[in-house]
Amino acid sequence: MDNHDKLALPVGTTLDRFIMRKQEDFPYATGELSQLLRDIALAAKIVNREINRSGLIDIAGAYGNRNVQGEDQQKLDVIANVRFIRAMRNGGEVCTIISEEEEDKIQTGNLQGKYIVAIDPLDGSSNIDVNVSIGTIFSVYRRMSATGTEGTEQDCLQHGTSQVAAGYVVYGSSTMMVYTTGNGVNGFTYEPSLGEFFLSHPNMTTPKTGKIYSVNEGISRDFSPATTQFIDYCKEQSFSARYIGSLVADFHRNLLKGGIYMYPATKKAGKGKLRLLYECNALAFIVEQAGGKASNGHQRILEITPQSLHERCPFFIGSTELVDKAEEFMAAELASAAPAATT
Ligand code: AFP
């Protein structure tokens, strides 16, 4: 068999090897962040397995039932929450976790852990039952408090600019993990037969502009006039409307192809639907690293000062030119609402 034989082709760079190589670029790195990323990747593999089996679990018995082993069958978002928290608790690098699934911050008991993680373990979960792509989103911060104690509220409410790493996993037609540590964005595709993520999308960049807009237009009567005008602008340009209702999947498509995803403020929800700490900040960090932009319509997402763990914020993310354009409409609305200067 020669080197060009199909069976002899190299399989590529695994996520573990890639993380190790990147760590070697920083001679003083302790390896803890690398280990944390590997812990998250391991939990993602387990969650991927559970997602792939979800149709079969339904056949074996409705959620809430006991399975053949006598264990309670749980909803996948609960399972994902347990898996990610357990991986980080066992890893030891994380002192405190903020999860979409839990009201309060979770203290892992790892008092020496240097990191804080904010995570949405399974986003788009209303899409699970209909076999549509879903995702996991995570942000990593370095704690500000001294090690040897539990992580504090202040540790959890840092600006997005303080993230040391962020990533997402999209469980789709293939499963991918995409992450950044502030030095570009890299994507890895899962090879189920080998149980490994392989580098498939090195140095990802997003197009400066695009022809896709993604928004839930079903609720557009509740949008501000500026948001509606921006959507009209997208239509005048004959953009394609693409909206899955799974943030990670919508974001991932637009990152690769160019476009804008938005979840604006509505009359009912003045701050929109999405959560700053474990949805918007992570994707904002990634999009900026890929050459794109993320805004709440008026302000860079990464510079918003968080006030509470589960706070929401309006979200416009994607190709820089399109987010700039959306901001223009929002700024014009703000200017016209301002009281006229008196002479
Ligand atoms: P679920 O996890 O409840 O499905 O919400 C998903 C999500 O947070 C985000 O992934 C979607 O982009 C967005 O909500 C969809 O919200 P709408 O259904 O209001 O469009």
Side-chain angles (χ1 to χ4, degrees), residues 44 47-48 50-51 54 63 74-84 98-103 118-139 166-172 175-178 212-224 227-228 230-231 234 240-257 259-284 286-287 292 294-297 301 309-318 322-323 326:
V47 170
N48 178 64
E50 301 301 327
I51 290 169
S54 64
Y63 289 129
Q74 301 213 289
K75 285 183 150 223
L76 270 175
D77 37 14
V78 178
I79 293 173
N81 190 45
V82 169
R83 289 296 181 183
F84 281 104
I98 306 141
S99 166
E100 206 245 351
E101 295 293 328
E102 315 233 358
E103 200 53 39
I119 187 162
D120 185 349
L122 208 54
D123 184 65
S125 45
S126 52
N127 275 327
I128 297 171
D129 292 346
V130 289
N131 217 348
V132 169
S133 299
I134 45 184
T136 296
I137 312 173
F138 62 91
S139 277
Y168 63 84
V169 183
V170 56
Y171 309 95
T175 294
M176 269 190 81
M177 177 161 159
V178 175
I212 297 173
Y213 73 103
S214 309
V215 64
N216 183 352
E217 274 199 88
I219 54 170
S220 61
R221 283 203 306 187
D222 283 346
F223 294 164
S224 72
T227 309
T228 308
F230 175 64
I231 293 171
C234 294
S240 293
R242 294 284 182 273
Y243 189 72
I244 296 171
S246 268
L247 172 61
V248 172
D250 280 312
F251 172 78
H252 182 68
R253 179 200 52 241
N254 293 0
L255 183 75
L256 296 178
K257 291 182 181 273
I260 183 167
Y261 171 96
M262 46 195 145
Y263 208 111
T266 66
K267 281 182 201 150
K268 288 185 195 128
K271 289 188 140 202
K273 178 180 183 189
L274 302 180
R275 314 290 183 142
L276 176 61
L277 286 190
Y278 40 80
E279 292 182 311
C280 305
N281 268 341
L283 300 186
I286 292 167
V287 87
S295 163
N296 67 358
I301 291 290
L309 299 184
H310 298 283
E311 84 180 65
R312 300 172 196 268
C313 80
F315 199 40
F316 297 82
I317 188 166
L322 299 182
V323 179

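Because only heavy atoms are used, hydrogens play no part in the values below, and waters and symmetry mates are left out as well, while side chains stay in. Just so you know, ligand 1 is whichever comes first in the structure, and atom 1 is the first atom listed for that ligand.
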How close does the nearest protein non-hydrogen atom get to [atom], and which residue and atom is it?
atom: atom 11 (C) of ligand 1; answer: Gly245 O, 3.3 Å
atom: atom 19 (O) of ligand 1; answer: Tyr263 OH, 2.6 Å
atom: atom 16 (O) of ligand 1; answer: Lys273 NZ, 3.0 Å
atom: atom 4 (O) of ligand 1; answer: Ser126 OG, 2.5 Å
atom: atom 15 (C) of ligand 1; answer: Tyr243 OH, 3.2 Å

Heavy-atom gap Leu274 to ligand 1 smaller than 4.0 Å
yes
Heavy-atom contact check, 4.0 Å cutoff: does Glu279 meet ligand 1?
yes
Using only heavy-atom distances, determine whether the side chains of [X] and [Y] contain a donor-acceptor pair under 3.5 Å.
X: Asn81; Y: Ser99; answer: yes
X: Asn254; Y: Ser214; answer: yes
X: Tyr171; Y: Thr136; answer: yes

Does Leu122, backbone or side chain, put an N or O under 3.5 Å from an N or O of ligand 1?
no
May I ask you to check if ligand 1 and Asn127 share an N or O to N or O distance below 3.5 Å?
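Between Asn127 and ligand 1, no N or O pair is found under 3.5 Å apart.
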Distance filter under 4.0 Å to Asn216 heavy atoms, resulting ligand 1 atoms
17 (P), 19 (O), 20 (O)
Can you sort out which atoms of ligand 1 are near Ser125, meaning under 4.0 Å from one of its heavy atoms?
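In order of numbering, the contacting atoms are 1 (P), 2 (O), 4 (O).
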Leu247 and ligand 1 - part of the residue with a heavy-atom distance under 4.0 Å
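Both parts.
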With a 4.0 Å heavy-atom cut-off (strictly under), which part of Tyr261 contacts ligand 1: side chain, backbone, both or neither?
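Side chain only; the backbone of Tyr261 stays clear of ligand 1.
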So, do Tyr168 and Phe138 have ring centers that fall under 6.0 Å from each other?
no
Taking the minimum heavy-atom distance to atom 8 (O) of ligand 1, which of Thr266, Asp123, Ile134 ranks first?
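Heavy atom nearest to atom 8 (O) of ligand 1 belongs to Asp123.
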So, for Ile134 and Gly124, which heavy atoms are closest and what is the spacing to 0.1 Å?
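Answer, listing the atom of Ile134 first, then Gly124: CG2-O, 3.1 Å.
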Considering all heavy atoms of both residues, which atom of Ile244 and which atom of Asn127 are nearest to each other, and what is their separation?
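Ile244 and Asn127 have their closest heavy atoms at O-ND2, 3.6 Å.
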Non-hydrogen side-chain atoms of Ile231 and Met262 separated by less than 4.5 Å
yes
Under 4.5 Å between any side-chain heavy atoms of Glu279 and Asp123, yes or no?
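Counting from C-beta outward, Glu279 and Asp123 do come under 4.5 Å.
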Roughly how far, to the nearest 0.5 Å, is CG of Asp222 from OG1 of Thr227?
11.0 Å
